[in-house]
Amino acid sequence: MKELLQKFILNKCTEAEIEDVVAYFQKATSSNEFPSVEDVTQLLQDIPEIEEDTKNRIYQKVLVSAKKREHRKRKLFFWQYAAAIFVGFLCIGYYYKQDIFNNKNEELYLQEDFITLELEDGKTKIISQDGNVQVLDKTGNVIVKQDGNRLVYDNDSKTSNKLVYNTLKVPYGKRFQLQLSDGTKVHLNAGTSLKYPVTFLQGQKRQVFLTGEAYFDVSKDTEHPFIINADNLNIKVLGTQFNVSNYPEDVESQVVLVEGSVDLYSKEEIPGKTYTHTLLKPGFKGNFNKQKLNISTERVETSLYTSWRIGDLVFRNMPFNNILKKLERHYDVSIINNNHELALEKFNASFTEVPIEKILEYLKITYAIDFTINEKNIIIK
């Protein structure tokens, strides 16, 4: 069987042999039943068609997956850890055999649970929260580098006379920071994607595109307005601090102004309806209804909407289903709510950095719900 596994990795198995390998490994219970990590690593070097960078990134993903299992179960025997690594390399052989490791397909396989930076040419870089990444332009100049838990773009970069975009994507369960070429600082919440120019061009507006939630600290530049496109809502600023929440599943996009001023307006005009702008003042929240395409404002305590940057969770007059969605994003879990009576009930609660079990216990005691947890799957009863 060990010879058959080695043959599999080298893509020399018949379809029947592949089925034998998969069935065998599913039943394996001992580390003696498959090659060692060292054996597999050596075999991997015999597949020159797969780039070294691809091998390294897949190896990193397998290690991260193994560590997550170890964290959840608190106990993981060495042979199980080795098995997880072997499965990852096994996948290399399978995906390569199926001709999947090409262009974006390879990157889609690697993006799960990772912060990713998508470049203009379609290539994707994996961003580790404690890693070190540099991106070069075609002439070899550094245009962005990683500084701890943020990416910093070079404000002196002159890569092109046309706009070149990058897209930073933050998955569920993570947060990350970004400093744009004009010095604007952005905090990205879980489940967020931001598309932005590598360099803002002289004489043109500074425009970025947001899906999800982010806190902006915009560098002041009166000659170049900063515009955030949140689907059908535009937020125009000169220099200020504010929070924007624009998740696809939400009925409203929300803008909470901390300081300065922002101009809110609908991206598209509606026939027969007046095209209006709403000027938001500090301490106010603007609500953009995605269906009616209108904007309302209300005074709020801004810290309730910005505390997510330090890991806090705050719910104020929020429907139960909305709370569950925020928990899914924050903790990278899947929640099924079978308690339909609570779905539209509104709740108030605040939590600092605590395990999701603590929050569920609080809801259980306070609101008489029940729940079960199976790794990353939660069922509300």
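Note that the structure is predicted; figures quoted are calculated from it, not measured.
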How close do [X] and [Y] get, counting heavy atoms only, and between which atoms?
X	Y	answer
Ser181	Asp154	CB-O, 3.8 Å
Phe288	Leu293	CZ-CD2, 3.5 Å
Val186	Ala214	CG1-CB, 3.8 Å
Ile235	Leu264	CG1-CD2, 3.7 Å
Ala190	Gly173	CB-N, 3.7 Å
Val237	Ser261	CG1-O, 4.1 Å

Open item on the list: Could you list the cluster mates of Val152? Members are the ILVMFWY residues connected by side-chain heavy atoms closer than 4.5 Å, either directly or through other members.
Closed with: none
TODO: Any chance you could pull the hydrophobic cluster mates of Tyr305, using side-chain heavy atoms under 4.5 angstrom and chaining through other members?
DONE: Val256, Val300, Leu304, Val314
Does either side chain, that of [X] or that of [Y], offer a donor lying less than 3.5 Å from an acceptor on the other one?
X	Y	value
Asn234	Asn229	yes
Asn166	Glu120	no
Tyr153	Tyr196	yes

Using atom types as modelled, flag every donor-acceptor pair under 3.5 Å from a side chain in residues 335-345 to any protein atom, sequence neighbours excluded.
unit_1: Asn337; atom_1: OD1; unit_2: Asn339; atom_2: N; d: 2.9
unit_1: Asn337; atom_1: ND2; unit_2: Asn321; atom_2: OD1; d: 3.3
unit_1: Asn337; atom_1: ND2; unit_2: Asn339; atom_2: O; d: 3.3
unit_1: Asn339; atom_1: ND2; unit_2: Lys381; atom_2: O; d: 3.3

Polar side-chain atom of [X] near backbone of [Y] as donor-acceptor pair, under 3.5 Å:
X	Y	answer
Gln146	Leu151	no
Thr192	Glu213	yes
Thr211	Ser193	no
Lys290	Asp250	yes
Thr124	Leu117	no
His330	Leu313	no
Asn289	Glu252	no
Asp147	Arg150	no

Is the shortest heavy-atom distance from the side chain of [X] to the side chain of [Y] under 4.5 Å?
X	Y	result
Phe242	Val218	yes
Gln204	Leu163	yes
Val354	Thr352	yes
Thr297	Thr278	yes
Ile115	Lys174	yes
Asn374	Thr372	no
Val208	Phe226	yes

Hydrophobic cluster membership, [X] vs [Y], 4.5 Å side-chain cutoff:
X	Y	value
Ile369	Ile379	no
Val251	Val244	no
Ile323	Tyr172	no
Trp308	Ile356	no
Ile228	Tyr247	no

Pairs flagged by salt bridge (Lys or Arg N to Asp or Glu O under 4.0 Å) wherever [range] is involved - sequence neighbours left out:
range	answer
residues 175-187	Arg175-Glu353, Asp182-Arg206
residues 299-321	none
residues 218-230	none

Open item on the list: Could you go through Asn348 and Asn317, starting from their C-alpha distance and side-chain angles, then the distance that decides it, and tell me whether this counts as side chain to side chain contact (heavy atoms under 4.5 Å, CB included)?
Closed with: CA-CA 6 Å; Asn348 295 306; Asn317 199 32; 4.3 Å; yes
Nearest-0.5 Å distance, [atom1] of residue [X] to [atom2] of residue [Y]:
X	Y	atom1	atom2	answer
Leu188	Lys169	CG	NZ	12.5 Å
Lys364	Ile380	NZ	CD1	11.0 Å
Glu118	Asp121	CD	CG	9.0 Å
Tyr362	Phe351	OH	CZ	5.5 Å
Lys236	His277	NZ	NE2	7.5 Å
Lys285	Thr302	NZ	OG1	12.5 Å

Open item on the list: Within the supplied structure, the quantity of interest is the number of heavy atoms (other residues, nucleotides, ligands) at a distance under 6.0 Å from Glu249 CD; does it exceed 12?
Closed with: yes
- [ ] With salt bridge (Lys or Arg N to Asp or Glu O under 4.0 Å) as the test, would you mind laying out the steps for Glu328 and Lys325 before giving the verdict?
- [x] CA-CA 5 Å; Glu328 284 186 322; Lys325 192 61 186 179; 3.4 Å; yes
Open item on the list: Please tell me whether Phe315 and Phe347 form a close aromatic pair, meaning their ring centres lie under 6.0 Å apart.
Closed with: no
Open item on the list: Is there a side chain to side chain contact (heavy atoms under 4.5 Å, CB included) between Leu327 and Ile359? Walk through the geometry before answering.
Closed with: CA-CA 9 Å; Leu327 293 177; Ile359 297 178; 3.8 Å; yes
Open item on the list: Working note: Asn189 + Tyr215, criterion side-chain hydrogen bond (donor to acceptor under 3.5 Å, both in side chains); need CA distance, chi angles, decisive distance, verdict.
Closed with: CA-CA 8 Å; Asn189 203 355; Tyr215 183 91; over 6 Å; no
Task: Asp231/Asn246 under side-chain hydrogen bond (donor to acceptor under 3.5 Å, both in side chains): CA gap, chis, key distance, verdict - done: CA-CA 8 Å; Asp231 295 325; Asn246 178 46; 3.3 Å; yes
